[in-house]
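What follows is one structure encoded as structure tokens, with my remarks underneath.
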There are 2 protein chains.
Amino acid sequence: MKKDVMSKLLLIEDDHTLSDLLCEYLSAQGCDVSQAFDGEAGLQLATSESFDVILLDVMLPVLDGFEVLKKLRATHLTPVIMLTAKGDDFDRIFGLELGADDYLPKPFNHRELLARIHAIGRRIDYVKQASQQTQLMNINHVTLNESARRVSVDGHELTLTGTEFAVLYQLMSHVGKVVSKDTLSQHVLGRRLAPFDRSIDVHVSNLRKKIAKYNDCNCIQTIRGSGYVFLDQ
Amino acid sequence: MKKDVMSKLLLIEDDHTLSDLLCEYLSAQGCDVSQAFDGEAGLQLATSESFDVILLDVMLPVLDGFEVLKKLRATHLTPVIMLTAKGDDFDRIFGLELGADDYLPKPFNHRELLARIHAIGRRIDYVKQASQQTQLMNINHVTLNESARRVSVDGHELTLTGTEFAVLYQLMSHVGKVVSKDTLSQHVLGRRLAPFDRSIDVHVSNLRKKIAKYNDCNCIQTIRGSGYVFLDQ
DNA sequence: AAGCAATGTAAAGGCTGTGTAAAGATCTGC
DNA sequence: GCAGATCTTTACACAGCCTTTACATTGCTT
């Protein structure tokens, strides 16, 4: 929901002045921006780290933007917004058909760029959210009914608070996957996890206690330094 | 990939001539297009059926495009591409910040519109695909599950510390390539490698010991003076 | 072969993340 | 405005594990 902040971006642009300017603006808007100044360096970075969005200039030394995009798409699905001085249709269409997500002709308004970055992030969040929706889950002795907001353990109904339910729902809808405390905090409490904030720990502790009353399956495991995971089996 | 054909579209546009023209073109390209000629009718259709993408003109009778978008977003997450005669920045930014996925100023090339429709469809497919498949690496007897943070050797589950997992992940995601200690230190420990810092060596040592317990494949090799490499087979 | 630098690895603090009880703050329904 | 429920903060105990240290070993250079 508040993913707006902290997009991890890669800016591939050979004009140092423009690159620094953009970098400064986007950083001020809460993005984490990495820079590359030619196609090869950009591709190298793009394939070795993972970014939320890549901003890719078309006119680049060493390897041009289209080449970078083509090679990147051979292995990676990272969203790409192409930037270009050339404003003609053909270029735009070519970029989009090669697999770019968006295309922004220079000169552009910085705020429009940010808005387009957000648009892509938002769409991805929506789809992820939609694809994880399930009504009734029954995993490892625990049954969770999403729409009725009810949970039972081996048939024994639990009395959970809203937050406890939300935590359990997050964990159960990602069975077997580690869910970070930050993710939990954002989805359950609606805020980033602040240092020394122990709320999530306490909710998990209470949740475990309530579940353990009827079955000591230890279904909620701690992954030190990473988060919590709901175990299947 | 094969989503190219048969996108289900809703075109909300009051100019009948343009609407029919677009409709004809998009249909010829294999899209299933519904038409609405004012904002209210469009919103009605948009909320009662489900579309892959909605093409929304800004200047509309009864309810303008922004209003339609705002009301639609209250309940639906359908992708929206806004179309407008007004080319100014503010309009575009406003639309994007309201929740539009893309923004295309008139007059536009039909092929560009199609390319942008496809770009959105493609992104959605990618995300769906990515969010339902667990990232599994299986190299040289070692299986690593990224999202669950679990590792097994010939089927035997390993108990790794967070740092050991991170080191192994770095090495395995660059199979066959030498990863320098400095790179490892930066990605795994979050700091440059300082002189006399032996942490990485120790973690690699512990990792090897744990893996060797189940299979002495010596998959992690030392490249003296350069770093470490995870060997395939 | 000697010497040096890079690496392997066991062991020992010491720091950090986590569990949990209890107190304090905030919300909610009446 | 009150009472009860719920959430957050605080505090302390504890375990895990990261780093350091020290010494052994390896491999390259001359």
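Not measured: the values here are computed from a predicted model. In what follows, chains are A, B, ... by sequence order, proteins preceding strands, each numbered from 1.
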Could you state the CD-C1' distance from B:Gln221 to C:dT7, rounded to the nearest angstrom?
13 Å
If only atom types and distance count, is the side chain of B:Asp52 paired as donor or acceptor with the main-chain N or O of B:Lys8 below 3.5 Å?
yes
When you measure from every atom of DNA chain D, which of residues 202-217 of chain A have a heavy atom less than 4.0 Å away?
A:Val202, A:His203
Send over the distance from A:Ile200 CD1 to C:dG17 P, rounded to a whole Å.
17 Å
Rounded to whole Å, how long is the line connecting atom CG of B:Leu189 with atom C1' of C:dT16?
15 Å
With a 3.5 Å cut-off and no angle check, do the side chains of A:Thr143 and A:Asn145 form a donor-acceptor pair?
no
B:Asp201 CG to C:dA10 C1': how many Å, rounded?
14 Å
Tell me whether A:Asp201 is salt-bridged to A:Lys181, with the criterion being a basic N under 4.0 Å from an acidic carboxylate O.
yes
Is it true that atom NZ of B:Lys213 has more than 12 heavy atoms of other residues, nucleotides or ligands lying nearer than 6.0 Å?
no
Less than 3.5 Å apart, which donor and acceptor atoms pair up between the side chains of residues 218-225 of chain A and the rest of the protein, not counting sequence neighbours?
unit_1   : atom_1 : unit_2   : atom_2 : d
A:Gln221 : NE2    : A:Asn218 : O      : 3.1
A:Thr222 : OG1    : A:Arg208 : NH2    : 2.7

Between A:Asp182 and A:Ser180, do the side chains contain a donor N or O and an acceptor N or O under 3.5 Å apart?
no
So B:Phe66 and B:Phe94, would you call those rings parallel, tilted or perpendicular, with 30° and 60° as cut-offs?
perpendicular
Flag, side chain of A:Glu164 to backbone of A:Thr161, donor-acceptor distance under 3.5 Å
yes
Parallel, tilted or perpendicular, as decided by the 30° and 60° cut-offs, for the rings of A:Phe108 and A:His110
tilted
Under a 4.0 Å heavy-atom criterion, DNA chain D is touched by chain B from D:dC17 to D:dG27
With the threshold set at 4.0 Å, does a side-chain nitrogen-carboxylate oxygen contact exist between B:Arg191 and B:Asp197?
yes
Between C:dG8 and B:Tyr228, is there an OP1 or OP2 to side-chain N/O distance shorter than 4.0 Å?
yes
Heavy-atom side-chain contact between A:Gln35 and A:Asp20 under 4.5 Å:
yes
From C-beta outward on B:Arg198, which listed nucleotide comes closest to its side chain: C:dA5, C:dT18, C:dG8?
C:dG8
Roughly how bent is the helix from C:dA1-D:dT30 to C:dC30-D:dG1 end to end, in steps of 10 degrees, with each end axis from five pairs?
50°
Just to confirm, is there a sub-4.0 Å distance from OP1 or OP2 of C:dA6 to any side-chain nitrogen or oxygen of B:Lys181?
no
For nucleotides 23-26 of chain C, which of its nitrogen or oxygen atoms have a protein nitrogen or oxygen under 3.5 Å away, and what is each distance?
none

Just the rounded figure in Å: distance from P of C:dG8 to CD1 of B:Ile223.
11 Å
Spacing of A:Arg224 atom CZ relative to C:dC15 atom P, expressed in whole Å:
14 Å
Select base, sugar-phosphate, or nothing to describe what B:Thr161 touches, counting heavy atoms under 4.0 Å on all strands.
sugar-phosphate
Would a distance-only check, ignoring hydrogens and angles, find a side-chain to backbone donor-acceptor pair under 3.5 Å from A:Lys128 to B:Val127?
no
Selection residues 137-154 of chain B - residue pairs positive for salt bridge (Lys or Arg N to Asp or Glu O under 4.0 Å), sequence neighbours left out
B:Arg150-B:Glu157
Candidates B:Leu10, B:Ile12, B:Thr84 - the one meeting side-chain contact (heavy atoms from CB on, under 4.5 Å) with B:Leu56
B:Ile12
